[in-house]
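What follows is a set of notes on a single structure, which appears directly below.
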Amino acid sequence: MKTAMMAKLTASALLMLSLSGCGPDEKPAEESAKTPIKMWVAPNENEEAFWNTMVKEWNKDPAHTPVEFTTIPAANSSEEAIMNALASGTEPDLSSNIFIGFASQLDEIGQTEDLSKMPGYEELIKNRQMTNILPAWKLNGKQTVLPIYVNPIVWWWRGDLLKQYGFDHVPTRYDELYQLAEKRAQDNHGYTIQLTAGKNWWERWFDLIPLYYAQSNGQSYIIDNKAQFNDPSGLSVLTFMGKVFDSKWSSYDFTSADDPLASGQVLASARGPWDLARYRKQYPEVLKSIQIGPMLTEKGTAHPHTFGDSKGMVIFNSSKHKAEAWAFMQWVFSNVEHDRTWLELTGMPPARADLLSNPTFVSYFDKNPLEKEIASYVDVALPPVATTQTTEVQRSMTQMLEQVIFENTDPVKALEQSSQEINTLLAK
């Protein structure tokens with residue numbers, strides 16, 4: 001492995017590992033042609049079920065190069081496992097579970113193929129209704145990752161509890177939340193909203209970032225390697241969050257074990273569609289009362305933007321089966337019935353803009369109204385910023401938020417400090 005490559009891998013924000021080894025051994029073309037396509041997928045039983053179905057069907061055709069798949073090896077994260085494999089030359093031909101920040105890292109070190117140069121790419125994107133989704137996934141003019149799904153983050157509200165406080169609709173504005181919180185405080189029933197997802201850097205995807213996307217009408221928080229959230233929208237969001245915590249209408253210490261929404265500790269929590277299956281098993285009666293609402297904004301924006309927890313698939317440039325791997329990807333994602341299967345098995349909306357208009361999905365959504373409500377936000381659900389410094393950027397955001405919550409730091413000052421930190425970081 002080249003020295004420059006070693007340095008970049010070692011510096012990766014998502015790793016703390018020692019790199020060794022070299023690239024994969026060269027194999028004769030004839031031997032390589034007989035070797036199955038190796039694929040890694042997310043270690044998630046629902047996704048495994050989908051890929052098991054797809055691979056079995058694909059492999060039935062003797063004309064196809066067979067595919068073998070396994071879950072991404074155990075490590076602290078999928079990103080670490082993949083980087084370890086790249087360092088040792090044991091990476092697969094293609095892998096799912098790639099978010100845009102990690103895709104940026106892989107692109108920076110030249111490890112992934114530009115899918116837009118593959119034959120039939122434009123036709124695939126058109127058929128899968130992805131034209132308006134892909135711009136946010138472009139990296140340095142290249143399309144190195146094909147998004148598989150988009151999980152919009154929306155507010156889940158306890159409709160039964162809202163009615164107790166005279167609300168016949170879900171709040172959409174900051175001031176409505178304040179009114180609700182004041183009524184709840186009067187009867188000493190505790191907190192109103194789970195406003196933050198937790199203390200880890202990645203949890204900003206489920207609180208601060210979707211609120212900023214909503215308030216800013218979909219503006220990115222990083223543009224041209226400079227922080228953009230130190231603006232009126234960022235100030236509105238941070239001031240709102242500060243007021244909620246200062247008024248003790250939320251807590252920073254909820255845990256997943258508590259599930260404050262299910263227990264009634266709060267009336268609202270920001271969630272993704274993956275929680276629907278869990279609630280059906282653990283809290284079926286509570287789920288009957290759940291109402292889906294948009295990200296709160298200052299003035300109650302209609303159909304506001306939000307964060308989309310999204311992952312995609314890449315082909316590694318070390319693969320000896322690029323054409324065959326791409327053929328498999330085309331086969332999977334060009335058939336709308338496959339996306340229907342994905343939706344049924346995982347509950348996560350496929351990354352396509354026609355979910356509510358395509359007849360293939362109508363019967364599914366008719367039977368699953370909550371999934372339909374969530375899927376209606378796919379068109380405004382944005383991925384995180386495409387940066388190799390995702391971890392550091394969001395750690396700074398976390399520190400900014402904690403300064404406002406615990407130290408009563410003026411939001412203006414906290415925004416300025418965090419944006420300067422991030423600008424310095426990204427300028428390196």
Side-chain angles (χ1 to χ4, degrees), residues 14 40-44 46-47 50-51 72 77-79 82 94-107 112 115-116 124-125 128-139 142-154 197 201-214 218-222 270-276 294-295 304-315 329 332-333 338-339 342-343 345-356 361 371 374-388 390-391 393-394:
L14 297 174
W40 285 357
V41 302
N44 173 296
N46 295 328
E47 293 186 49
F50 170 79
W51 289 113
I72 297 171
S77 67
S78 294
E79 293 80 15
I82 290 170
L94 68 166
S95 179
S96 71
N97 210 39
I98 307 295
F99 87 96
I100 189 66
F102 186 46
S104 297
Q105 291 180 292
L106 294 172
D107 178 61
T112 46
L115 303 179
S116 67
L124 172 61
I125 300 311
R128 202 177 183 233
Q129 300 287 318
M130 300 179 73
T131 303
N132 294 330
I133 293 174
L134 285 180
W137 290 79
K138 194 174 287 291
L139 297 169
K142 294 177 287 185
Q143 206 74 56
T144 63
V145 56
L146 186 78
I148 298 173
Y149 62 84
V150 177
N151 286 325
I153 303 305
V154 293
W201 64 266
W202 62 83
E203 287 167 317
R204 303 295 72 77
W205 288 330
F206 311 110
D207 45 53
L208 180 66
I209 289 173
L211 284 167
Y212 179 75
Y213 276 157
Q219 176 176 286
S220 177
Y221 47 96
I222 304 288
R271 302 293 177 95
W274 55 81
D275 269 339
L276 288 170
M295 277 295 116
H305 288 80
T306 186
F307 173 75
D309 177 60
S310 313
K311 299 287 180 64
M313 178 168 281
V314 299
I315 297 176
M329 287 178 65
V332 171
F333 298 114
H338 294 168
D339 277 332
W342 170 274
L343 187 58
L345 290 176
T346 71
M348 299 189 292
R352 51 189 305 149
D354 64 343
L355 290 175
L356 301 187
F361 305 106
E371 280 89 343
I374 295 172
S376 72
Y377 289 93
V378 165
D379 64 326
V380 287
L382 303 173
V385 167
T387 174
T388 61
T390 298
T391 306
V393 166
Q394 292 181 205

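All values derive from a computational prediction rather than experimental measurement. Below, each value reflects all heavy atoms present in this structure, side chains not excepted, and no hydrogens, waters or symmetry copies.
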* To do: Apply side-chain contact (heavy atoms from CB on, under 4.5 Å) to S104 and T387, showing your working.
  => CA-CA 6 Å; S104 297; T387 174; 5.6 Å; no
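- In terms of heavy atoms, P350 sits closest to L343 at CD-CD1, 4.0 Å.
- A search for salt bridge (Lys or Arg N to Asp or Glu O under 4.0 Å) contacts involving K142 returns D107, not counting sequence neighbours.
- Of the inter-residue distances, the one linking L211 atom CG with I153 atom CD1 reads 11.5 Å to the nearest 0.5 angstrom.
- Shown here for V385 and Y221, the closest heavy-atom pair between the two residues is N-OH, 3.1 Å.
- Partners of D207 under the side chain to side chain donor-acceptor pair (under 3.5 Å) rule, at least two apart in sequence or in another chain, are R204.
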* Could you walk me through whether W51 and V332 pass the side-chain contact (heavy atoms from CB on, under 4.5 Å) check? -> CA-CA 10 Å; W51 289 113; V332 171; 4.0 Å; yes
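- For P383, the side-chain contact (heavy atoms from CB on, under 4.5 Å) test picks out I100, A136, W137, with sequence neighbours left out.
- Note that OG1 of T112 is 11.0 Å distant from CD of Q143, once rounded to the nearest 0.5 Å.
- Ring to ring, F99 and W205 are close: their centroids are under 6.0 angstrom apart.
- Looking at W342, its side chain does come within 3.5 Å of a backbone N or O of M348 through a donor-acceptor pair.
- Scanning for side-chain contact (heavy atoms from CB on, under 4.5 Å) contacts around D379 gives H303, with sequence neighbours left out.
- For T131, the side-chain contact (heavy atoms from CB on, under 4.5 Å) partners two or more places apart in sequence, or in a different chain, are I125.
- Looking at every heavy atom in both residues, L355 comes nearest to P349 through CD1-CB, 3.6 Å.
- The minimum heavy-atom distance linking R352 with D354 is given by the pair NE-OD1, 2.7 Å.
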* Could you walk me through whether V41 and F50 pass side-chain contact (heavy atoms from CB on, under 4.5 Å), step by step? => CA-CA 10 Å; V41 302; F50 170 79; over 6 Å; no
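- Ring-plane geometry between F307 and F206 is classed as perpendicular, the angle between the planes exceeding 60 degrees on a 0 to 90 degree scale with a lower cut at 30.
- Within the 4.5 Å cutoff, the side chain of D339 has heavy atoms near those of the F361 side chain.
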* Asked: Are I98 and I82 close enough, and set up right, to give a side-chain contact (heavy atoms from CB on, under 4.5 Å), and what steps lead you there?
  -> CA-CA 10 Å; I98 307 295; I82 290 170; 3.7 Å; yes
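- N97 contributes atom CG, which lies 8.5 Å from atom CG of N44 (distance to the nearest 0.5 angstrom).
- Atom CZ in F333 sits 6.0 Å away from atom CE in M329 (nearest 0.5 Å).
- The two residues V150 and G308 come nearest to each other via the heavy atoms CG1-CA, 4.2 Å.
- Rounded to the nearest 0.5 Å, atoms NZ (K311) and OH (Y149) are 4.5 Å apart.
- A search for side chain to side chain donor-acceptor pair (under 3.5 Å) contacts involving E203 returns N200, not counting sequence neighbours.
- Going from atom NZ of K138 over to atom OG1 of T144 covers 10.0 Å, rounded to the nearest 0.5 Å.
- Side-chain atoms of P384 and I209, non-hydrogen and from C-beta on, never get closer than 4.5 Å to each other.
- Here the shortest heavy-atom pairing between T306 and Y213 reads O-CD1, 3.5 Å.
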